[in-house]
Amino acid sequence: MNAVAEKQPVRRIVAYDALRVFAIVAVVGIHTLMPYRHLASATSPVRLFDELLHFAVPLFVFISGLFIWSRPMRAGEFGSFLFRRASVIAVPFVAWSAIYMAVLYGRGTPPDSLGRAFGLLLTGHTWYHLYFIPMLLTFYLLTPVASRIALFSPELLVVACYALRIAAGPAIMSAARALGGDLSWAFAAHVIGHLPHMALGAWFALRRPRIASWWIALLLLAFGTAGVLAASYGLTAQLPELLRRLVEPAYMAATVLGLVAAALCIEPTLERFEPVILRGAGLSFGVYFVHPLFLTAVKQALKANAAESLWLQTWFPLAVFVGATVGSFAVSALLAKWPVSCRLVGLAKPLPPAPVTEATYASAARESESGAQ
């Protein structure tokens, strides 16, 4: 246990910050392409590209596990840890939930009861992306147990989390639906689905596997891509149920590890852009909260003008994606400038003007979701 615990990061690895930026840009891409789930067939190129982008949330969770579940939790430390973490994600979560609830009322589709509204808030389903925060808080609550298991044996933690997802996942989700309906089922599905990615991140931090080579990265990404294509073309549907439940976690784990391997391979190049990458990573939480406002405005404008067919023009979704990404980073940067608003983008302190150095970024983001390494 002590030998594993000593293997803690000793310097900031800019590749991890670059992965956070890459992941949040992929999230914007996923949500930009959402209309195609109704407009295009499951095997169309745009739908396949959408599926390939779904590494984003697993990658975010992996990075959280890498920083959080891999560290020893001393007696009496959990309360302050939970307060610090919750204070910088619960505040913006409640604020943005209220904003998106107001959007629902403005569209004339409010929840049909106060109980339903509370359920939406509690499970993070006020809007389609906010589930991430209650899920992350759940992982924080599991930290004392998970980190203790990880420090004893990271492999045991990984196997336990994957076994829970594969063997017990359907039963847990069914029980959640029986207790609390569809919202509880969806929340349980998110937690069970991403629990192994937290464990995988902790394992990676503690074991530090030597995967920073291009041939390993390409093999892992090829396997992950093949899994996505097989699922999209319905090939995995022919497998026995238990085997099918094994395949999806396997190809997603390969994809995440392949992206990490690739980022570590190019880290010497990334270090030259460290100030820009650190700033982008510091603003990624804000982009996560903000970007659906841009996408909703576009969709409402198209609907009002009966112009939904623009989605079928190749240039249009690309323009929406670029506009939503740039606009969200700009709004997040604006909110990150002042103490009164920086917590709305998940920062404990205002982010200094560019360029951001490691020292200033760590000071601003120490209490944020990602934490300093």
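As a basis for the values below, the full set of heavy atoms in this structure was taken, side chains included, without hydrogen atoms, waters or symmetry mates.
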Open item on the list: Whether the His129 and His31 side chains hold a donor-acceptor pair (N or O, under 3.5 Å, no angle test) is what I'd like checked.
Closed with: no
Open item on the list: Could you tell me if the side chain of Ile211 sits less than 4.5 Å from the side chain of Phe204, heavy atoms only?
Closed with: yes
Open item on the list: Between Glu248 and Arg244 (salt bridge meaning N to carboxylate O under 4.0 Å), is one present in this structure?
Closed with: no
Open item on the list: I'd like to know if the side chain of Thr296 reaches the main chain of Leu293, judged simply by a donor and an acceptor atom lying under 3.5 Å from each other, with no hydrogens or angles considered.
Closed with: no
Task: Under 3.5 Å donor-acceptor, Ser44 side chain and Ser41 backbone - done: yes
TODO: State whether the side chain of Ser341 and the backbone N or O of Leu335 hold a donor-acceptor pair below 3.5 Å, judged by distance alone.
DONE: yes
Task: Nearest non-hydrogen partners of Ala15 and Glu267, listed with the distance - done: N-OE2, 3.7 Å
Open item on the list: Between His125 (side chain only) and Leu121 (backbone N and O only), is there a donor and an acceptor less than 3.5 Å apart?
Closed with: no
TODO: Assess whether salt bridge (charged side-chain N to carboxylate O under 4.0 Å, His left out) is satisfied between Arg12 and Glu274, documenting all intermediate values.
DONE: CA-CA 10 Å; Arg12 183 164 206 99; Glu274 184 172 355; 6.0 Å; no
Open item on the list: For a quick test of reading the model, state the closest non-hydrogen atom pair linking Gly280 to Phe329 and the distance between them.
Closed with: O-CE2, 3.7 Å
Task: Ile133 side chain reached by Phe289 side chain, heavy atoms, under 4.5 Å - done: yes
Open item on the list: Centre-to-centre under 6.0 Å for Phe93 and Phe285, is that the case here?
Closed with: no
Open item on the list: Can you confirm if the aromatic rings of Phe223 and Tyr251 lie within a centre distance of less than 6.0 Å?
Closed with: no
Task: Exercise: identify the closest heavy-atom pair between Asp17 and Ala281 - done: OD1-CB, 3.6 Å
Open item on the list: Between Leu334 and Leu351, is there shared hydrophobic-cluster membership here, with clusters defined by ILVMFWY side-chain heavy atoms closer than 4.5 Å?
Closed with: no
Task: Pairwise side-chain contact, Arg84 with Val88, heavy-atom cut-off 4.5 Å (strictly under) - done: no
- [ ] State, yes or no, whether a side-chain contact exists between Met173 and Ser184 at a heavy-atom distance under 4.5 Å.
- [x] no
- [ ] For the residue pair Thr126 and Trp96, establish whether any side-chain heavy-atom pair is separated by less than 4.5 Å.
- [x] no
TODO: Using atom types as modelled and distance alone, determine if a side-chain donor or acceptor of Arg245 lies under 3.5 Å from a backbone N or O of Ile166.
DONE: yes
Open item on the list: Determine whether a donor-acceptor pair (N or O, by modelled atom type, separation under 3.5 Å) exists between the side chain of Ser174 and the backbone of Pro170.
Closed with: no
TODO: Check step by step if ring pair (Phe, Tyr, Trp, His ring centres under 6.0 Å) holds for Tyr36 and Phe49.
DONE: CA-CA 11 Å; Tyr36 291 96; Phe49 184 64; over 10 Å; no
Task: Check against side chain to side chain contact (heavy atoms under 4.5 Å, CB included), Thr138 and Phe187 - done: CA-CA 10 Å; Thr138 302; Phe187 175 73; 3.2 Å; yes
TODO: Verify ring pair (Phe, Tyr, Trp, His ring centres under 6.0 Å) between His190 and Tyr131, making sure each step is shown before the conclusion.
DONE: CA-CA 8 Å; His190 293 312; Tyr131 74 89; 3.8 Å; yes
Open item on the list: Assess the residue pair Val27 and Phe60 against the criterion (side chain to side chain contact (heavy atoms under 4.5 Å, CB included)); give the C-alpha distance rounded to whole Å, side-chain angles, the decisive distance to 0.1 Å, and a yes or no.
Closed with: CA-CA 10 Å; Val27 167; Phe60 269 127; 4.1 Å; yes
TODO: May I ask you to test the Ile216-Arg210 pair for a side-chain heavy-atom distance under 4.5 Å?
DONE: no
TODO: Could you pull out the closest heavy-atom pair between Ala263 and Leu270, with the gap in Å?
DONE: O-CD1, 3.8 Å
TODO: State whether the side chain of Asp50 and the backbone N or O of Val46 hold a donor-acceptor pair below 3.5 Å, judged by distance alone.
DONE: no
Open item on the list: Keeping Thr143 on the side-chain end and Phe139 on the backbone end, is there a donor-acceptor pair under 3.5 Å?
Closed with: yes
Open item on the list: If you apply the rule side chain to side chain contact (heavy atoms under 4.5 Å, CB included), what do you find for Leu82 with Arg85, and how did you get there?
Closed with: CA-CA 5 Å; Leu82 192 61; Arg85 297 294 181 182; 5.5 Å; no
TODO: Inspect the contact between Glu308 and Lys299 and indicate whether a charged nitrogen and a carboxylate oxygen are less than 4.0 angstrom apart.
DONE: no
- [ ] Show your reasoning for whether side chain to side chain contact (heavy atoms under 4.5 Å, CB included) applies to Phe55 and Ile30.
- [x] CA-CA 10 Å; Phe55 66 82; Ile30 290 169; over 6 Å; no
Open item on the list: Using a 6.0 Å cut-off, check whether atom OH of Tyr128 has over 12 heavy atoms from anything other than its own residue.
Closed with: yes
Open item on the list: Taking the side chain as everything from C-beta on, heavy atoms only, tell me whether Thr255 gets closer than 4.5 Å to Leu220.
Closed with: no
- [ ] Would you mind reporting whether Arg279 and Leu283 have side-chain heavy atoms less than 4.5 Å apart?
- [x] yes
Open item on the list: Determine whether a donor-acceptor pair (N or O, by modelled atom type, separation under 3.5 Å) exists between the side chain of Arg165 and the backbone of Gly193.
Closed with: yes
Task: Residue Trp311 excluded, over 12 heavy atoms near CH2 under 6.0 Å - done: yes
